[in-house]
Amino acid sequence: MQQFDDAYHIVWLIRRLFRALAQKSDDSLRDLGVSAADRAVLEFLKPDQKLTVPEIAERYQVSRQHVQVTVNGLLGAGLLTTETNPKHKRSPLITLTASGKRMFRTIKVRDTRVVKELFLDVSEKDRRITQQTLQTLLDHPALRPGQKPEGNV
């Protein structure tokens with residue numbers, strides 16, 4: 001039972017950390033007029049990636065509708081553009097504009113400062129263990145798209 005309690009507490013901590021990081025990202029980007037969700041979409045497309053909304057949704061593991069709303073806002077802001085998709089007439093390829101590339105470079109500079117601050121007192125050994133553990137969890141078959149986990153995660 002202790003093993004389950006420990007594992008559950010780790011998942012609880014990851015959820016809290018995810019929310020805290022999203023809030024920190026939103027706060028850091030507010031003056032640029034972009035959100036953490038916008039940032040994530042820009043990151044998937046940097047520097048010259050061309051993806052459809054469904055492809056972004058699959059990688060981001062959120063609904064297509066959520067990605068479409070985010071992409072629409074970024075298109076309106078001139079940070080993204082669409083290109084004809086030779087494989088699918090109704091699902092255009094989304095790519096960064098020159099402004100989108102500049103925006104992501106600015107975001108990356110801010111991210112670097114925040115990450116350095118967060119990890120200032122975390123040892124290299126702890127960073128490596130944390131990275132390995134999180135990657136092991138992320139690679140778990142139950143978290144692959146289309147898999148149904150047992151219970152709520």
Side-chain angles (χ1 to χ4, degrees), residues 7-8 10-119 122 127-153:
Y8 188 86
I10 290 168
V11 170
W12 184 87
L13 288 170
I14 291 169
R15 287 182 187 136
R16 302 294 76 71
L17 180 59
F18 172 79
R19 296 288 177 217
L21 289 172
Q23 186 61 54
K24 182 77 170 170
S25 183
D26 280 341
D27 292 347
S28 169
L29 302 174
R30 186 169 287 112
D31 66 307
L32 298 176
V34 295
S35 68
D38 296 334
R39 182 219 175 281
V41 169
L42 293 173
E43 184 171 34
F44 277 121
L45 296 170
K46 61 99 178 137
D48 295 310
Q49 187 77 263
K50 296 177 183 183
L51 298 170
T52 64
V53 166
E55 289 169 333
I56 296 168
E58 183 177 326
R59 291 181 187 196
Y60 195 24
Q61 294 188 336
V62 296
S63 72
R64 278 184 258 159
Q65 294 83 356
H66 173 72
V67 174
Q68 189 65 63
V69 168
T70 302
V71 164
N72 289 348
L74 293 168
L75 286 166
L79 299 175
L80 299 180
T81 190
T82 60
E83 295 181 11
T84 302
N85 182 352
K87 295 179 183 177
H88 197 287
K89 290 181 183 180
R90 292 182 48 195
S91 190
L93 295 169
I94 312 296
T95 190
L96 294 173
T97 62
S99 294
K101 291 176 184 180
R102 282 192 303 276
M103 175 66 77
F104 190 75
R105 283 193 298 272
T106 300
I107 290 168
K108 190 73 173 161
V109 167
R110 290 183 184 199
D111 280 354
T112 300
R113 278 189 298 226
V114 169
V115 170
K116 282 182 179 180
E117 178 187 333
L118 287 172
F119 283 87
V122 179
R127 288 192 311 269
R128 195 171 40 254
I129 290 168
T130 301
Q131 182 178 2
Q132 289 169 345
T133 303
L134 291 173
Q135 189 64 58
T136 297
L137 291 170
L138 191 57
D139 291 342
H140 193 283
L143 295 179
R144 291 191 186 124
Q147 296 293 317
K148 300 269 190 231
E150 294 180 23
N152 292 329
V153 177

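All residue numbers in this chain count up from 1 along the given sequence. Only heavy atoms go into these numbers, but all of them, side chains included; no hydrogens, no water, no symmetry mates. Only a predicted model underlies this, so the values are computations on that prediction, with no experimental measurement involved.
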Seminar exercise, completed: So CG of Asp139 and CG of Leu134: to nearest 0.5 Å the spacing works out to 10.5 Å
Exercise. In Å and rounded to the nearest 0.5 Å, what is the OG to CG distance from Ser28 to Asp111?
Worked result: 6.5 Å
Seminar exercise, completed: Between Tyr60 and Ala36, the two heavy atoms sitting closest are OH-O, 4.4 Å
Exercise. Shortest non-hydrogen contact from Leu143 to Gln61?
Worked result: O-NE2, 3.5 Å
For this session: Would you indicate whether the side-chain heavy atoms of Arg102 and Arg105 approach each other to under 4.5 Å?
Result: yes
Problem set entry | Side chain to side chain, Thr52 and Ile94, heavy atoms closer than 4.5 Å | no
Exercise. Would you say the side chain of Lys116 lies within less than 4.5 Å of the side chain of Thr112, judging by non-hydrogen atoms?
Worked result: yes
Exercise. Heavy atoms, side chains only, cut-off 4.5 Å: are Leu118 and Leu21 in contact?
Worked result: yes
For this session: Carefully, step by step, assess Val11 and Arg15 under the rule side chain to side chain contact (heavy atoms under 4.5 Å, CB included).
Result: CA-CA 6 Å; Val11 170; Arg15 287 182 187 136; 3.7 Å; yes
For this session: State whether the number of non-hydrogen atoms from other residues, nucleotides or ligands found under 6.0 Å of Arg16 atom CZ is greater than 12.
Result: yes
Problem set entry | Minimum-distance pair of heavy atoms, taken over all atoms of Leu45 and Leu80 | CD1-CD2, 3.5 Å
Problem set entry | Leu42 to Phe104 - nearest heavy-atom pair and separation | CB-CD1, 3.9 Å
Exercise. Is Lys24 atom NZ crowded by more than 12 heavy atoms from other residues, nucleotides or ligands, each under 6.0 Å away?
Worked result: no
Exercise. How about Gln131: does its CD atom have over 12 heavy atoms from other parts shown lying under 6.0 Å from it?
Worked result: no
Seminar exercise, completed: Rounded to the nearest 0.5 Å, the OG atom of Ser35 sits from the CG atom of Leu74 at a distance of 7.5 Å
Problem set entry | Test: Asp26 and Arg39 ion pair at under 4.0 Å | no
Exercise. Between Glu55 and Lys50, what is the shortest heavy-atom contact and its length?
Worked result: OE1-O, 4.3 Å
For this session: For a side-chain contact (heavy atoms from CB on, under 4.5 Å) with Thr82, tell me which candidate from Leu93, Thr95, Leu75 qualifies.
Result: Leu75
Exercise. Do Thr130 and Arg127 meet the criterion of a side-chain donor-acceptor pair at a distance under 3.5 Å?
Worked result: no
Exercise. Looking only at heavy atoms, which two atoms of Gly78 and Ser99 are closest? And how far apart?
Worked result: O-CB, 3.8 Å
For this session: State whether the side chain of Asn72 and the backbone N or O of Val69 hold a donor-acceptor pair below 3.5 Å, judged by distance alone.
Result: no
For this session: Decide yes or no for Arg110 and Leu32: does some side-chain heavy atom of the first lie under 4.5 Å from some side-chain heavy atom of the second?
Result: yes
For this session: Evaluate side chain to side chain contact (heavy atoms under 4.5 Å, CB included) for Leu137 paired with Ile14, printing each intermediate quantity in order.
Result: CA-CA 11 Å; Leu137 291 170; Ile14 291 169; 4.1 Å; yes
Seminar exercise, completed: Separation between CZ (Arg59) and CG (Leu51), nearest 0.5 Å, reads 4.5 Å
